[in-house]
Amino acid sequence: MKAIRRFTVRAVLPENLGALEELAGNLRWSWHEPTRQLFARISPELWQQVGHDPIALLGAVDPARLAELASDQGYVDWANHLRDDLHVYLSEPRWYQSLDGSAPRTIAYFSPEFGIAAALPQYSGGLGILAGDHLKAASDLGVPLVGVGLFYRSGYFSQAITPDGWQLESYPVLDPDGLPLSVLRNADGTPVQITLALPNGVLHARVWQAAVGRVRLLLLDTDIPENEERLRSVTDRLYGGGGEHRLLQELLLGIGGVRALKAWTDLSGTPEPEVFHTNEGHAGFQGLERISDLIGEGLTFDEALQVVRAGTVFTTHTPVPAGIDRFDGPLVQQYFSTDLLPGVAVADVLALGSENYPGGSPDMFNMAVMGLRLGQHANGVSKLHGDVSRHMFNGLYPGFDPAEVPIDSVTNGVHAPTWTDPMMRALAEERLGTDDTTTADWANSGAVHDHDLWSVRTRMREQLVGDARRRLKAAWESQNPGGIAPAWMDDLLDPSVLTIGFARRVPTYKRLTLMLHNPERLRSILLNPERPVQIVIAGKSHPADDEGKRLIQKLVQFASEPEIRTRMVFLPDYDIGMAQLLYPGTDIWLNNPLRPLEACGTSGMKAALNGALNLSILDGWWNEYYDGENGWAIPSADAAGDGAERDALEAEALYDLIENQIAPRFYERNGDGVPEAWVGQIRHTLATLSPELSAGRMVREYVNRLYVPACGFERRLTGDGFAAARSLAAWKQRVRAAWPGVSVAHVESGGVDAVPQVGDELHLRALVHLNGLSPDEVEVQVVYGRSHEGDELTDVRYAALEVDRNAPGSHDASVAFEYRGTVQLAWAGAFGYTVRVVPKNDLLISPAELGLVAVAA
Ligand SMILES: *Cc1c(COP(=O)(O)O)cnc(C)c1O
């Protein structure tokens, strides 16, 4: 019998166990090991069964057990102690509180997904887990961040695999009452309601709030009776629909998100956000809602745009144009031809997202393009990805080199307390005196011996093998109700064998099946009698991606051959809970994307924090952190003729590395059975990579390099009744209007002999027409570097030329200004230069920002 309605009745706890309820209500439990142990003690089996979810545990535990604990003074004291510890954590000054007043009072962080704990499945993969880690690290550092997202009734999806390897999706409906969420309420107790005017109807949403340590997360939910039936399903699934459904979700996230924020700041007395950070382009409409508010305060669209840009940080995550969200212009037009955004003209909205540049489709509305136009501060997520992004968005800055495109990079990090196995933390605490594994002195081999490290690594591998067997047996039993799982399922994998882990979403570029390129070679590697290897694989394919599902099927079919099945397994339903055992349990973390399509990749970072060694293509984070000792680099066959040849070359290189370097080193043991050289590499990885890969490092970088500067710009533009915003908007308009008449009329040089030598000075004189602009509003630069065939410059440098203010005619718009300067010839070989004019204003962060440049012809 199926129920027509479900809801969760919360347990009534004995009075003196009230601390448990408070602890369960703050998601800090998801990374605070002592709190997890407190819950596990209630019932270790149940704790395991409910997937480490305190609220589910309290709902399922026998009241008699709670009564028993309530009369156990030791347990009650323990719970109260941890509650006090939580209170201290929530209120004590942390890193951010040591910053000066230039740091923003509140930062809003928007993301379409948040991966915080397995118990709150509101993520599909890397993007969401990064957002979750960002909130957690912000909490630990005391950063006054508030998260904004959507509450999806079915999250992403649950994955099962049929016996012949096909992915099946199911969408279990979540009950928010059974999750660590509470409704945001008005002072009178009624739920806060957010509304959006749509072309035919009104969209209503309620707001759930989650406490992630010190950080509040607001999630909008449309599944409420106030909505017409068709609108209740706007937040049904994450990345579930295309086109219009997705547009509705993004309107709600951006516009509704800002409205929810306003309600929350008012109700809680929190200062209004000064910086808005959008994690990927999906939340881009947030900027439009803020523009609409500023128009309400008397600014024009252009003036409001300056304010919004100044305080917005946009992080792009995809290195491929196909990964960017785009909508049909007419659809967007339809949604904004309403009362949705008072004061904002549809044409202005459309212009922000239009691909009106060479190579773009002007009728498409591109969320990343809008992200860059609404956000003055932009970044990619690894150094290499920053570079790829500057090339990808070069079209928005015509006339500038990719290196000048104003997109910086902050390399991702991962939240160490979430992603480091408790066994590693216990080792650090016991031997190195700290449970912060990212700062522990792992190099101290006198305190942590090789055999200590090896023994923890072995126990984590055993833990993974146990978990894999349990999961596969459970999967078999759910497919064969009433049957008894075959005996060989108890022998899957071997806790003493070199274990390679490989888990990821399954878009083509990640090349899930590269390892199958030469099945015979793989078979002989797995079954090597002296140096066997085993592989644990997991990953979800997007439900609409049949190609991805076929890749999963190929792997599952290969892995089901009787001689292979104990050496290679595919674990269904990859999620945070599985990942937390998978990364620590693997010796080698494999990553073989097509370079440079992995923007950063964070699973390898999580593996490294646990002492796994990476085996990866030099892409994303690995491209900047591989040092020859912390793992292995799979060479990229960039020169290969085609994709097939490239796959073949890279697969062979992968096999060679495993067979000739990795397996021999893993199995080379000393008298105590410890692989010394291997453990040396683990130690080196932990000592050098852990501090770098932590989300703490990442969030501090965001604060110092993006949030604080953005806040500075935002304050300058809003101060004094928006005076600077008004003048900046007027200035941009004037510069744009004058620009067609700005030109470099004449350049001459002198000072070097017929045979120039290193150290000589080149004297330059240029005549420049400014078409009515003043010399203070532009910079005239000599651009010089190594010159190559086709006259392209490399190693480019820029130096400003000085205007001669006394030269005749400098106050007459029709007469050219005279500029002078010198350049030292600092190297031998080909030298080239040119002269250009760019706009100058100390409220720009880059001369390329306006996309205006006049170069000497
Ligand atoms: C870390 C993580 C990811 C992202 O890993 P990538 O290396 O970026 O592909 C995806 N899913 C889960 C469950 C994770 O923990």
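Just so you know, ligand 1 is whichever comes first in the structure, and atom 1 is the first atom listed for that ligand.
Relative ring orientation between Trp208 and Phe151 is described as tilted, the plane-to-plane angle lying within the 30° to 60° band.
Leu613 has its side chain out of reach of Asp587: every pair of non-hydrogen atoms, C-beta onward, lies at least 4.5 Å apart.
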**Request:** Take Asp221 and Arg153 through the test salt bridge (Lys or Arg N to Asp or Glu O under 4.0 Å) and record every step on the way to the result.
**Result:** CA-CA 8 Å; Asp221 177 7; Arg153 274 296 145 138; 2.7 Å; yes

**Message:** Using the rule given for side chain to side chain donor-acceptor pair (under 3.5 Å), can you reason through Tyr152 versus Gln249, listing the C-alpha separation, both sets of side-chain angles and the distance that settles it, and then say yes or no?
**Reply:** CA-CA 10 Å; Tyr152 305 97; Gln249 288 192 339; 4.6 Å; no

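Side-chain contact check for His377 and Asp408: no donor-acceptor pair (N or O, by modelled atom type) lies under 3.5 Å.
Near ligand 1, residues Gly125, Gly126, Ile129, Trp419, Arg504, Lys510, Tyr574, Asp575, Ile576, Ala579, Tyr583, Gly601, Thr602, Ser603, Lys606 come within 4.0 angstrom through at least one heavy atom.
With sequence neighbours excluded, the residues forming a ring pair (Phe, Tyr, Trp, His ring centres under 6.0 Å) with Tyr583 are Trp419, Trp589, listed by chain and number.
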